[in-house]
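Here the structure is a predicted model, which means the values were calculated and not measured. The first residue of the sequence shown is numbered 1, and numbering continues consecutively from there.
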Amino acid sequence: HQIAFPPTLLDQSPIERLNYFKSITVPHRYLQTALDQLLLALHEPADSSVFFIVGPTGVGKTTLRKRAEKLLLEAFLSELQAHPGQIAVASVEAIPVEQGKFSHRDYYIRALESLNEVLSVYKSCYQLETVLDPIHSSKSSAALRRALESTFHHRRVKAFMIDEAQHLLMMAGGRQMLQQMNWIKSIANITSTPHVLFGTYELLNCSQLSSQLSRRSEDIHLPRYHLDHSEDVAEFVRVIQTFQQHLPLSQTPAFHHRYEYLMKGSLGCVGILKAWLMKALRNAFAQDSKTLTLQHLQANAYSMSR
């Protein structure tokens, strides 16, 4: 079987070989379709300022985000070279609420840090006490928001990504959820910076909260693959074959013919499949095995309850 990894990798330690496989990203049809939709929307946002990227856990939303960030950087490279202070894209991970209350102050701090603006509150001079680290010392959420808005403007950010965005909606009721979405939309509108929210299907409720939000937002779906769709099966088999060619083992395994078992065990999610293969590969290294066997897969399969 053909291998896709550097042969010298076989002389490296198990940790280095695991890290290699962890770094592998396999492009696939649904990922590429969602990526094309997102990039087109960001380059030509029309009347939309907020984009929701939705799909099940483990389907590859974070991979999609990282790929989109890389391509946006490449697309605006000449502009970035002409304006060294510009930032094409930045991202932050939304943190779950504590005791039923979302901390906007903490969000602003994390967003500013992602934009490399740890001293932006001080530089903006919003009547804050002069301290060594003004962002973390300031208790004023309003001042932090003004600093964030100013940073978006001056850095001319093309897109701001929010991973695990369903955490923004872990509120008591629909009214609070609407307030959260209006808050995000407000920042996006005021700064003319499109916001891209990556999360689970809970985000689909957002566009139904108000007609205005529905008009100014778009949904992009990243689905899983299904066994009862022949095109899905063919694409998933190709993904399996690509992964097995990247497994840094002296004997390339051949388990693509067990696609039904792998699709069921991963729920058709490429991210879950990769995590499963990584755990199996770790076991194979521990047993000094030359290849990955069905026993390694079975020993590391997710239980039905998980």
Could you tell me if [Y] and [X] have a donor-acceptor pair between their side chains, going purely by distance under 3.5 Å?
X	Y	value
Ser48	Glu218	yes
Gln180	His104	yes
Gln287	His296	yes
Asn116	Arg155	no
Glu16	Ser13	yes

Heavy-atom neighbours of [X] [atom1] exceed 12 at 6.0 Å:
X	atom1	result
Lys279	NZ	yes
His154	NE2	no
Phe52	CZ	yes

Using the ring centroid of each side chain, check whether [X] and [Y] are separated by less than 6.0 Å.
X	Y	value
Tyr261	Phe255	no
Phe76	His43	yes
Trp183	Tyr107	yes
His221	Tyr30	no

Next on the checklist: Assess the residue pair Leu297 and Thr293 against the criterion (side chain to side chain contact (heavy atoms under 4.5 Å, CB included)); give the C-alpha distance rounded to whole Å, side-chain angles, the decisive distance to 0.1 Å, and a yes or no.
Outcome noted: CA-CA 7 Å; Leu297 291 172; Thr293 66; over 6 Å; no
Next on the checklist: Over 60° means perpendicular and under 30° means parallel, so tell me whether Phe160 and Phe152 are parallel, tilted or perpendicular.
Outcome noted: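 Rings of Phe160 and Phe152: perpendicular, over 60°.
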Is it true that a side-chain atom of [X] and a backbone atom of [Y] form a donor plus acceptor pair closer than 3.5 Å?
X	Y	value
Gln245	Ala4	no
His195	Thr193	yes
Ser150	Ala147	no

Checklist entry - Is a salt bridge present between Asp232 and Arg224, judged by a nitrogen-to-oxygen distance below 4.0 Å? => result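 Salt bridge absent between Asp232 and Arg224.
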Checklist entry - Would you say the side chain of Arg17 lies within less than 4.5 Å of the side chain of Leu10, judging by non-hydrogen atoms? => result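 When only atoms from C-beta onward are counted, Arg17 and Leu10 do touch, with a gap below 4.5 Å.
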